Amino acid sequence: MTDQTVLSNTDHRGVTRITLNRADKSNAFNADVMTALINALTNADNSSATRVVVLQGEGKHFSAGADLNYMKATAALSRDENIEDAENLARLMQTLDQLSKPTIARIQGAAFGGALGLICTCDIAVAADNARFCLSEARLGLAPAAIGPYVVRVLGARQARRYFLTTEEIPAHQALTLGLVHEVTDVDTLDDTVDMLVDRLLKNGPVALNACKSLVARAIDNQPDADLIRYTAELIAELRTGPEGQEGLQAFLDKRKPNWIQDSSR
């Protein structure tokens with residue numbers, strides 16, 4: 001990847017780390033960063049070598065949100081040009097939200113504005129205790145429009161109303177209480193916690209993990225009516241009779257590791 005604002009690296013286990021690499025700008029977004037992120041995520045999703053994606057920021061901060069120079073530039077764009085730009089941000093959020101591979105957000109320092117969209121579209125979010133979060137758009141006379149549906153889904157309407165409107169900073173421990181992140185840890189143990197979760201994910205069947213993500217997406221807004229019940233029955237039948245499910249069951253009966261677990265000594 002020639003654009004160094006976003007780095008992507010996949011290790012021998014299939015863990016792809018996608019890194020926002022603008023530490024001097026607190027990993028703030030601009031149009032190039034959004035496009036680079038979309039490309040990196042799409043490549044990871046399409047790669048058979050990738051099993052888990054970790055999204056992280058270089059330096060002291062996860063991401064300070066939109067770059068100020070980028071914000072100035074959007075103010076000079078026409079309405080149609082602004083729609084096109086906003087759709088690119090929405091495309092980024094949708095790409096991450098619908099990624100077929102498990103995703104982990106590794107968060108330290110500031111996570112403002114659009115950064116919360118990235119966090120809320122990841123499957124798992126782990127924050128250092130120095131992390132702070134803010135939906136700051138209204139301070140600029142704006143609203144968190146493109147990221148809003150994902151943040152509301154995580155926070156719920158009641159909490160989203162408060163934090164959209166007040167733009168107050170949310171410390172790490174409050175983010176945990178709100179369900180914005182799953183775990184808060186010391187800065188020094190942040191990577192250990194992420195690695196532990198990665199190890200847990202790698203022990204599970206890749207096809208099964210994809211199915212789990214699809215199941216949550218299908219079930220979240222639907223009551224268990226006949227259609228949903230039929231979907232779940234067909235899903236488990238497909239998994240049970242598929243090669244991964246057959247291997248998983250046989251490995252359990254044989255008291256051995258299934259073939260998707262690599263030798264950790266490599």
Side-chain angles (χ1 to χ4, degrees), residues 6 8 10 14-20 27 29-31 33-47 50-57 62-63 65-66 83-107 111-127 131 133-135 137 143-157 159-160 163-164 170 175 178-183 194 197-198 201 204 206-222 228 231 235:
V6 173
S8 181
T10 303
V15 181
T16 297
R17 296 182 183 272
I18 298 176
T19 306
L20 293 163
N27 296 318
F29 285 43
N30 60 24
V33 170
M34 288 188 286
T35 299
L37 273 175
I38 291 171
N39 291 338
L41 290 166
T42 301
N43 289 340
D45 207 29
N46 292 335
S47 172
T50 296
R51 291 189 55 194
V52 177
V53 173
V54 177
L55 182 62
Q56 57 192 19
F62 179 72
S63 174
I83 289 174
E84 183 178 352
D85 178 77
E87 286 178 340
N88 197 40
L89 176 58
R91 191 177 305 112
L92 167 60
M93 298 304 156
Q94 185 179 45
T95 299
L96 181 53
D97 186 60
Q98 296 182 358
L99 213 73
S100 66
K101 316 293 174 69
T103 54
I104 301 174
R106 175 199 178 278
I107 309 149
F112 285 15
L116 269 76
L118 296 177
I119 292 164
C120 290
T121 50
C122 281
D123 299 315
I124 303 169
V126 182
F133 306 81
C134 184
L135 292 151
E137 286 83 353
I147 68 171
Y150 306 102
V151 179
V152 172
R153 186 179 64 190
V154 169
L155 291 182
Q159 298 296 351
Y163 292 105
F164 281 13
I170 305 170
L178 292 169
L180 187 57
V181 299
H182 293 92
E183 290 198 43
V194 171
L197 290 165
V198 167
L201 292 169
N204 303 324
V207 174
L209 292 176
N210 185 10
C212 287
K213 293 187 63 163
S214 298
L215 176 60
V216 172
R218 181 71 176 263
I220 189 170
D221 293 323
N222 295 283
L228 184 56
Y231 165 78
L235 177 63

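Keep in mind that this is a model prediction, so the values were computed, not measured.
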Do you know which two heavy atoms are closest between [X] and [Y], and how far apart they sit?
X      : Y      : result
Pro102 : Leu209 : CG-CD1, 3.6 Å
Leu180 : Ile119 : O-CG2, 3.8 Å
Ile107 : Ala131 : CG2-CB, 4.2 Å
Glu137 : Ile147 : OE2-CD1, 3.9 Å
Thr19  : Gly57  : CG2-C, 4.3 Å
Ser8   : Ala40  : CB-CB, 4.4 Å

Residue pair Leu20, Leu37: steps toward the side-chain contact (heavy atoms from CB on, under 4.5 Å) verdict = CA-CA 8 Å; Leu20 293 163; Leu37 273 175; 3.7 Å; yes
Please name all residues satisfying side-chain contact (heavy atoms from CB on, under 4.5 Å) with Ala115, sequence neighbours left out, ordered by chain then number.
-> Phe62, Ser63, Ala111
Mind checking salt bridge (charged side-chain N to carboxylate O under 4.0 Å, His left out) for [X] and listing every partner two or more places apart, or none if nothing turns up?
X      : value
Lys213 : Asp123
Arg153 : Asp97
Arg106 : Asp191

CA sep, side-chain torsions, deciding dist, call: Asn210, Val207, side-chain contact (heavy atoms from CB on, under 4.5 Å) = CA-CA 5 Å; Asn210 185 10; Val207 174; 5.7 Å; no
Would you check if the side chain of [X] reaches a backbone N or O of [Y] as a donor-acceptor pair within less than 3.5 Å?
X      : Y      : value
Thr42  : Ile38  : yes
His182 : Ala125 : yes
Asp45  : Leu99  : no

To the closest 0.5 Å, what do you measure between [atom1] ([X]) and [atom2] ([Y])?
X      : Y      : atom1 : atom2 : value
Phe164 : Leu155 : CZ    : CG    : 7.0 Å
Thr16  : Asn43  : OG1   : CG    : 9.5 Å
Arg17  : Thr50  : CZ    : OG1   : 12.5 Å
Asn30  : Thr35  : CG    : OG1   : 9.0 Å
Leu135 : Tyr163 : CG    : OH    : 10.0 Å

Please report the C-alpha distance between Leu118 and Met93 in whole Å, then the side-chain angles of each, then the deciding distance to 0.1 Å, and finally whether the side-chain contact (heavy atoms from CB on, under 4.5 Å) criterion is met.
-> CA-CA 6 Å; Leu118 296 177; Met93 298 304 156; 4.0 Å; yes
With the side chain counted from C-beta on, respond yes when Leu89 and Phe29 share a heavy-atom pair under 4.5 Å apart, and no when they do not.
-> yes
Can you list the steps and then say if Gln56 with Val194 is a side-chain contact (heavy atoms from CB on, under 4.5 Å)?
-> CA-CA 11 Å; Gln56 57 192 19; Val194 171; over 6 Å; no
Salt bridge (charged side-chain N to carboxylate O under 4.0 Å, His left out): pairs with one or both residues in residues 84-94, sequence neighbours excluded | none
Of Val53, Leu41, Ile18, which meets side-chain contact (heavy atoms from CB on, under 4.5 Å) against Leu96?
-> Leu41
Only counting residues at least two apart or in another chain, list the ones meeting side-chain hydrogen bond (donor to acceptor under 3.5 Å, both in side chains) with Gln159.
-> none
